[in-house]
Amino acid sequence: MTETFRPDARTPRGFIDKRAADLRAERRIIEAVSAVYERYGFERLDTGAFEYADALGKFLPDSDRPNEGVFALQDDDEQWMALRYDLTAPLARFSAQFWETLPKPFRRYAFGPVWRNEKPGPGRFREFIQCDADTVGSSRPEADAEMIAMMAEGLEAVGLPQGQAVVKINNRKLLNGLLTTVGVQSEPQRLAVLRAVDKLDRLGADGVRYLLGEGRKDESGAFTPGAKLNAGAAERVLAFLGAGREDRGATLSNLADVIGGSVEGDEGLADLAKIDAALTRMGVDHDRAAFDPSIVRGLEYYTGAVFEAELLLETRDEHGHAVRFGSVGGGGRYDDLVARFTGERQPATGFSFGVSRLAAALRAAGREAASDVRGPVVVIVFDPQAMGEYFAVAAELRAAGIAAEVYLGGSGMKAQMKYADRRLSPAAVILGGDEIAAGTVTIKDLDLGRALAAGITDNRQWREDRPGQATVPRAELVASVRRIVDAVS
RNA sequence: GCCGCCUUAGCUCAGUUGGUUAGAGCGCUAGAUUGUGGCUCUAGAGGUCCUCAGUUCGAACCUGAGAGGUGGUACCA
């Protein structure tokens, strides 16, 4: 007794199938953002999906679990390879590998899927698309300013004008200066403070105060241990977080009062002042790009400016509940990434848009009305003997630039009409014995037919009226179909 | 990773204190309609009741473990 194995038809968790409408939305975002990058003088670079794991590994969050978080496999020469988890690590590898031959500073952009082997959540997948721009080889704060300007312009280009999304800017040097002045002792304590700071927008000042001190218990009863700062130090951190003002200049001078004095803090302030000046001259004002002391981003990676694109739009899920979308992109200065390969410190700055997240955000905001993808003109197979004629018709239409196909299923005419309907075809071409004998062709405008059907309740009338249908001389086929197709688009 | 909730047809969901052939709506396929997508009527197909183990004469239903989903939380290069 043999039993045939039948696999479950299912997608691995965190992976999704995308159909034409989703892909079109993503492509539109990629094209809009890429055009911005190119206008700023960035060249496109594609690298492979896999990198050697050691080229990615060092910047994983848990260095004691080297391959945690990535999809890794062993090549037949025993070397570990891993799917890229972002586009920056491959750029660091590429820059190190070809440094001598590259124009410096090297400005490149890239887009494509990246993979992270971690628990998926709402709007979080194990495969998603990023669109990334970086400058390697410039330590000027103006290089950071340019990144911020491109983020702001990119948001605009995908349909999120001023007021619907904003770029928030901070500098890790400020945070480091702050940590020094409040007397943070150990690395774990430093990380705990940064994590607490990062949660300001979600938990508010009170929540952060607990996390800076003894810890915080949330509604679910879970306890998050705190950074164990004394009360004075915690208040100092909170004062820093509250230093944002109505424009970038005012925020800067206010921050100087809170943080001024530490060497690193002053450096950070000087960098931000230059970024502010460059942004202003590029026409990027405070409503598009603001200084926000609570922005932290990745803990290990960034060494200077950090920035994050945040959605301000109110979005709702399919049940009508408000959804926080938060960050749709981010980046910053990472001066140590290339040095891993060459030993030579190479200043770099860059950022990514999360294309999948942006697409989801625009959809949730009702911006990307999930408009349906229209199908081709369907040539109905009425008489199998006339197959050659049907393909000639399709070829004529295609030569005229009209998407067309001959129905290749085995069903009758009714099912074929239904097929064309479901494909959202603009028109069906009917060529039966009567038409062939008469040298004519019948063309049905499916949209018009649908509209007329609403007013017909009687079946006999529906059948006799044949709404939206016209029979024309065979020679007028292309012209007639074109009129219908043009009216659709 | 931790905590809560959920899992029955393609989809949304009913389901008897544990008792024979597990249901509905929508969708799908087809017929009524010799060459027409809608409407109406009719018929048909479609189910390891998430999986495994246990309790029981008997489990979709009770117990345990696991998987998947979902909502928080942690992490997020």
Side-chain angles (χ1 to χ4, degrees), chain A residues 3 6 8-14 56-63 65 68-70 82 84-90 92 114-122 124 130 132 191 195 198-199 202-203 211 216-225 296-302 317 319 321 323 326-327 330-332 334 337 350 352 354 375 378 380-383 409 411-425 427-435 442-469 471:
Chain A
E3 234 174 87
R6 298 205 187 280
D8 268 359
R10 63 198 177 115
T11 39
R13 73 200 164 91
L56 299 175
K58 285 272 168 70
F59 277 83
L60 295 172
D62 298 302
S63 43
R65 294 182 295 174
E68 190 71 13
V70 303
R84 63 186 181 203
Y85 54 78
D86 71 8
L87 294 169
T88 310
V114 302
W115 296 267
R116 295 183 188 184
N117 190 5
E118 54 191 22
K119 180 192 157 191
R124 267 180 77 157
Q130 288 194 332
D132 182 285
L191 295 179
R195 286 195 192 106
D198 197 34
K199 293 189 173 50
R202 211 152 39 79
L203 302 182
L211 285 175
R216 176 178 175 272
K217 190 178 222 167
D218 63 50
E219 312 85 71
S220 77
F223 180 76
T224 310
V296 176
R297 311 250 346 132
L299 297 178
E300 305 295 343
Y301 188 89
Y302 293 112
D317 63 17
H319 308 295
H321 299 128
V323 181
S327 166
Y334 53 97
L337 217 45
S352 282
V378 173
I380 302 292
V381 173
F382 180 75
D383 174 9
S411 300
M413 183 163 182
K414 190 180 171 86
Q416 296 187 44
M417 293 302 295
K418 214 167 174 176
Y419 172 80
D421 187 47
R422 195 170 306 172
R423 292 290 303 274
L424 284 179
S425 298
V429 174
I430 300 164
L431 202 47
D434 298 350
E435 285 88 352
T442 297
I443 295 157
K444 180 153 193 159
D445 182 333
L446 293 168
D447 286 356
L448 183 58
R450 196 177 293 112
L452 293 173
I456 302 174
T457 49
D458 178 60
N459 184 44
R460 172 179 232 106
Q461 193 198 353
W462 159 260
R463 291 176 62 77
E464 284 174 0
D465 280 8
R466 297 193 167 164
Q469 201 164 313
T471 299

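Here is the naming used below: chain letters follow the sequence lines, and residue numbers restart at 1 for every chain. The structure presented is a predicted model; accordingly, all values stated were derived computationally and were not measured.
As rounded to the nearest Å, B:rC75 and B:rU17 have P atoms that lie 48 Å from one another. Atom name C1', nucleotides B:rA43 and B:rG64: the rounded distance is 45 Å, in whole Å. The P atoms of B:rU34 and B:rA30 are separated by 15 Å, rounded to the nearest whole Å. Only the C1' atoms considered, B:rG23 is 11 Å distant from B:rG47, to the nearest whole Å. With P as the reference atom, B:rG10 and B:rA53 are 24 Å apart, rounded to whole Å. When the C1' atom is compared between B:rU8 and B:rU48, the two are found 12 Å apart, to the nearest whole Å. Distance noted for atom P between B:rC13 and B:rG1: 27 Å (whole Å). B:rU51 and B:rA67: their P atoms are spaced 15 Å apart (whole Å).
Regarding A:Y302, its OH atom lies at a distance of 12 Å from the P atom of B:rC76, rounded to whole Å. With rounding to whole Å, A:Y334 atom OH is found 14 Å from B:rA77 atom P. The separation between A:L203 atom CG and B:rA74 atom P is 7 Å, rounded to whole Å. Atom-to-atom, CD of A:Q130 to C1' of B:rC76 comes out at 12 Å; the value is rounded to the nearest Å. A:L211 has its CG atom 12 Å from the P atom of B:rU73, to the nearest Å.
Sequence order on RNA chain B of the closest nucleotides to A:G433 and A:D198 puts A:G433 first from the 5' end.
Two residues are said to be in side-chain contact when any heavy atoms from C-beta on lie closer than 4.5 Å; A:D86 and A:D132 fail this criterion. Counting heavy atoms from C-beta outward, A:Q469 and A:I430 have side chains that approach closer than 4.5 Å. Within the 4.5 Å cutoff, side-chain heavy atoms of A:R216 are placed close to those of A:L203. The closest side-chain heavy-atom distance from A:T88 to A:L337 is below 4.5 Å.
Take A:R116 and apply the salt bridge (Lys or Arg N to Asp or Glu O under 4.0 Å) test, not counting sequence neighbours, and it matches no residue. Evaluation of the side chain to side chain contact (heavy atoms under 4.5 Å, CB included) rule for A:D445 yields A:D447, A:L448, A:I484 as partners, not counting sequence neighbours. By the side-chain hydrogen bond (donor to acceptor under 3.5 Å, both in side chains) test, A:T471 pairs with A:T442, sequence neighbours left out. For A:R13, the side chain to side chain contact (heavy atoms under 4.5 Å, CB included) partners two or more places apart in sequence, or in a different chain, are A:P120, A:R126. For A:R297, the salt bridge (Lys or Arg N to Asp or Glu O under 4.0 Å) criterion is met by A:E308, not counting sequence neighbours. Not counting sequence neighbours, the partners of A:Y334 by the ring-ring contact (aromatic ring centres under 6.0 Å, His included) test are A:Y301. Annotation: side chain to side chain contact (heavy atoms under 4.5 Å, CB included) contacts of A:F382 (sequence neighbours excluded): A:Y390, A:M413. Here A:S425 pairs with A:P376, A:V378, A:A420, A:R423, A:L446 under the side chain to side chain contact (heavy atoms under 4.5 Å, CB included) rule; sequence neighbours left out.
For residues 412-422 of chain A, every residue pair satisfying the salt bridge (charged side-chain N to carboxylate O under 4.0 Å, His left out) rule, not counting sequence neighbours, is listed here: A:D421-A:R450.
Judged by atom type and distance alone, A:R124 reaches the base of B:rC76 through a side-chain donor-acceptor pair under 3.5 Å.
Nucleic acid contact for A:T88: none, since no nucleic acid atom lies under 4.0 Å from a heavy atom of the residue.
Phosphate contact (OP1/OP2 of B:rC76, side-chain N/O of A:R116, threshold under 4.0 Å): absent. Within the 4.0 Å cut-off from OP1 or OP2 of B:rA30, at least one side-chain nitrogen or oxygen of A:S411 is found.
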I'd like a list of close polar pairs between nucleotides 6-12 of chain B and the protein, N/O only, cut-off under 3.5 Å.
none

Writing each nucleotide of RNA chain B 5' to 3' as (, ), [, ], | or . by Watson-Crick or G-U pairing under 3.5 Å yields (((((((..((((..[..[...)))).(((((.......))))).....(((((..]..].))))))))))))....
In B/S/- notation (B base, S sugar-phosphate only, - none; protein heavy atoms under 4.0 Å), nucleotides 36-43 of chain B written 5' to 3' is BBBB----
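Considering only side-chain atoms of A:Y85, the nucleotide from B:rG35, B:rA74, B:rA77 that sits closest is B:rA77. Side chain of A:R202, nearest nucleotide from B:rA77, B:rA74, B:rG35: B:rA74.
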